[in-house]
Number of protein chains: 2
Amino acid sequence: MSRIGIKDIAAKANVSTATVSYVLNGTRNVKQNTKERVLRVIEEMNYKPNDIAKSLKSQRTNTIGVIAEDVTVFNVPEIIDGINDFADRHDLHILLTNLRLDKRIGRKFDQVDSYRKYMANAVSDLLGKQVEGIIYVGVHPRDLTGLVDTSGKPIVYTYCYTQQDISIQYDDEQAAFEAMSYLISKGHRRIAIISGMMDSVPSRMRFNGFYKAVTQFELPFDPQLIKMGDWEAKSGYELTKELLALPEPPTAVLAMNDVMAVGVLRAASEAGVPIPQRLSVIGFDNREFSDYLTPRITTFDLPLHEMGYRAMDSLMRSIRGEEVEQKQSPACRLVERDSVAPPQQS
Amino acid sequence: MSRIGIKDIAAKANVSTATVSYVLNGTRNVKQNTKERVLRVIEEMNYKPNDIAKSLKSQRTNTIGVIAEDVTVFNVPEIIDGINDFADRHDLHILLTNLRLDKRIGRKFDQVDSYRKYMANAVSDLLGKQVEGIIYVGVHPRDLTGLVDTSGKPIVYTYCYTQQDISIQYDDEQAAFEAMSYLISKGHRRIAIISGMMDSVPSRMRFNGFYKAVTQFELPFDPQLIKMGDWEAKSGYELTKELLALPEPPTAVLAMNDVMAVGVLRAASEAGVPIPQRLSVIGFDNREFSDYLTPRITTFDLPLHEMGYRAMDSLMRSIRGEEVEQKQSPACRLVERDSVAPPQQS
DNA sequence: CTGTTAGCGCGTTCAT
DNA sequence: ATGAACGCGCTAACAG
């Protein structure tokens, strides 16, 4: 199946290749007569121009490289969807590199050396393919400064960030503050928090939001209500058992992700503590399952699609040489369900 | 800007471009001396060959087009991960097209005309980019015969199929049969099934597996135990209420997906029927949340990674002109958890 | 055996 | 409306 080229068309239509090119791209006026003839031949021969050759001359590939740390982690597909949404509207193509970090190194993000080479290879491949820019999609918000060298090509980070590039990451602190405000508006004063690990930036930022609410609303600050988890259900379970064993247990728990909220539910159920009547729970991430649990848990939805879309938008602006805001933080959105109620009068 | 080309290297190293090319590709012997000099200059100038130009000449892009019906649907990321796994090992690149069907048309897969144009565009774009083959990743197993024309380029379907191309789809019938065998081995004889909609091929195949077990193990066939759901939790909930209201309710329920199993759990809980003591439940898909529910539900894991990996393997064989099995059906795997127990003696 | 020259792949675009 | 140069790297043919 030797592909038919522009010169086959030119020959059959009795014109030069230049004319065919002009007809195809509307780059210049062509007599209606010949134009139609050319178009007809193109149709007949089912001709498709070769974008590779076109790119070589035009120096444009209309292709963006996307490096995803791991497409199987829950936040990534929605971000890619946002990227595609933008790409569709602007006739851009996506060259996807999946680092498969979760499969290859698990959660050991601190062991940078174990994946630095994957990143370098990915970038190198993408640059070789002449992508016009790169979007880096993390699986865990963290500082990646100095890890990736794109030799000058624009790059935008999302779900992570660096000190010197454009990055898009939702506002952790604001979301935690809003969660607290919501619980407080329902009448809660004794609110516990189950955080992620404190070596994680979002953990600390969400804790800041928590603490800001504590001071701003003048809640009693009780260190016993502050528990450090590890993002997994089991830690939510165990820390909730501790909380419920307190002489004066909290009336509400803010879990920093929905997975740990699962543990909260389990511990409460085992202890015979009904949710939300005696304990309110609020999660984070709006994972699909948060709607399947009993009770359905109130949580925060992440602006993942928007992050992908804005990453593309920012990248394209950057490619065009426009000024782009370095840090963008779209807001999370409260999803009210059944796991929060006013505290019981006692 | 990586404006530097092979001739810049050649100039600086005082050799011809041919020599540089030979050094880079090891296509011919080059004197150790000059080779080192060239390599040094390449290093110094941080030169990266332009794959676009290379592809134009070599007629090979090492790029595979992947068309995903919707990357945000649960089965797709794992399949893509399998595709990437293979691609990594064979130095292939992935040009990803996300049709976004779930967002654009929802579940109305029968309305082919509403998305035929998206498919055609996707294929056309990919062919223009000179991909060496295409993998089509569905979100719902169904027959796509006649929808996609790749003008001769190899294509492999996964999580769906056509009458004339290679396709990889797990074995629905076998899985349903195994689910039944498992329940029967636990002592169940009165087993209900909550199917998906019967206009769906996998529904019918799983039903075949169910029925095969009924006859093979000589179970009483009671049409009241056969319920048709619509894949959503609500239908699982309502149909289970009907089942529990039966004069002689089933001791086990086979739900054709985990989402409907959520409904089963809810209905049982409301009716005060403990699971698994008085009702065993088995799901399908091994969705993440199936491990977070109470009780954790027993289900079937789908070989998604393997499907992606094998799709790539088959595609590459096909590209090389080798004979490839047209239909491949990797097996699903039982995941034993807490929602199945022997039936209560009554 | 090592290195060079020149044409090619495929479409774009300038000068004629 | 056309011929021919061009983009960038590969490679056949040729020279030393």
Side-chain angles (χ1 to χ4, degrees), chain A residues 1-42 45-63 124-125 127-132 151, chain B residues 1-42 45-63 124-125 127-132 151:
Chain A
M1 47 166 189
S2 58
R3 269 184 68 81
I4 37 185
I6 200 169
K7 61 183 129 26
D8 299 301
I9 305 297
K12 197 145 186 172
N14 280 317
V15 291
S16 69
T17 62
T19 306
V20 177
S21 176
Y22 290 135
V23 169
L24 268 164
N25 303 301
T27 328
R28 224 154 84 175
N29 266 353
V30 178
K31 216 198 298 171
Q32 187 64 17
N33 194 332
T34 49
K35 181 192 250 173
E36 276 167 13
R37 181 159 32 99
V38 170
L39 250 18
R40 186 155 30 79
V41 176
I42 287 173
M45 304 188 73
N46 190 28
Y47 165 68
K48 285 252 183 308
N50 181 333
D51 285 340
I52 296 284
K54 187 176 198 149
S55 292
L56 183 59
K57 175 74 180 165
S58 68
Q59 302 286 50
R60 299 218 48 201
T61 55
N62 292 319
T63 301
S124 177
D125 286 352
L127 293 179
K129 285 269 181 196
Q130 309 302 113
V131 298
E132 302 190 0
S151 21
Chain B
M1 303 298 135
S2 48
R3 290 277 120 201
I4 39 182
I6 201 170
K7 63 183 131 20
D8 300 299
I9 304 298
K12 196 145 187 172
N14 280 318
V15 291
S16 69
T17 61
T19 306
V20 178
S21 177
Y22 291 135
V23 169
L24 269 163
N25 303 302
T27 327
R28 227 169 73 175
N29 264 355
V30 177
K31 214 200 296 173
Q32 188 65 13
N33 194 332
T34 49
K35 182 192 251 174
E36 275 167 14
R37 180 158 34 100
V38 170
L39 250 17
R40 187 155 28 78
V41 175
I42 287 173
M45 303 188 75
N46 190 28
Y47 165 71
K48 286 253 182 312
N50 180 335
D51 285 340
I52 295 285
K54 187 175 198 151
S55 293
L56 184 59
K57 173 78 180 168
S58 69
Q59 301 287 50
R60 297 217 50 202
T61 55
N62 292 320
T63 302
S124 176
D125 285 352
L127 292 180
K129 285 270 181 195
Q130 310 301 113
V131 297
E132 301 190 0
S151 23

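Only this structure's heavy atoms are used, side chains among them; waters, hydrogens and symmetry mates stay out. Within every chain, numbering begins at 1; the chains are lettered A, B, ... in the order of the sequence lines, protein sequences first and strands thereafter.
- A 4.0 Å heavy-atom criterion places the boundary nucleotides of DNA chain D facing chain B at D/dC8 to D/dA13, written 5' to 3'.
- Distance check: B/Q59 CD to A/I52 CD1 gives 9.5 Å after rounding to the nearest 0.5 Å.
- Direction change of the helix axis from one end of the helix from C/dC1-D/dG16 to C/dT16-D/dA1 to the other is 50°, with five pairs defining each end axis (rounded to 10°).
- Tested against A/V15 for a side-chain contact (heavy atoms from CB on, under 4.5 Å), the candidates A/V41, A/V23, A/V38 yield a single pass: A/V38.
- With hydrogens and angles left out, the side-chain atoms of B/K48 and A/S151 include no donor and acceptor closer than 3.5 Å.
- At least one donor-acceptor pair under 3.5 Å links the side chain of B/E132 to the backbone N or O of B/T61.
- By the 4.5 Å heavy-atom criterion applied to side chains, B/Y47 and B/L24 are counted as neighbours.
- Taking 4.0 Å as the cutoff to heavy atoms of chain B, we find the contact window on DNA chain C bounded by C/dT2 to C/dC10.
- Less than 4.0 Å separates DNA chain D from at least one heavy atom of each of the following residues of residues 18-27 of chain A: A/A18, A/T19, A/Y22.
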Please table the atom pairs, donor to acceptor, closer than 3.5 Å between any side-chain atom in residues 28-35 of chain A and protein atoms at least two apart or in another chain.
{"unit_1": "A/Q32", "atom_1": "NE2", "unit_2": "A/E36", "atom_2": "OE2", "d": "3.1"}
{"unit_1": "A/T34", "atom_1": "OG1", "unit_2": "A/K31", "atom_2": "O", "d": "2.9"}

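- Residues A/Q130 and B/D51 fail the side-chain proximity criterion, which asks for heavy atoms closer than 4.5 Å.
- If you take OG1 on A/T19 and CD1 on A/I9, they are separated by 13.0 Å, rounding to the nearest 0.5 Å.
- Closest heavy-atom contact between B/A10 and B/S16: CB-C, 3.7 Å.
- Using a 4.0 Å cut-off on heavy atoms, the residues of residues 54-62 of chain B that approach DNA chain C are B/L56, B/K57, B/Q59, listed by number.
- In this structure, the separation between NZ on B/K54 and NZ on A/K129 is 10.0 Å, given to the nearest 0.5 Å.
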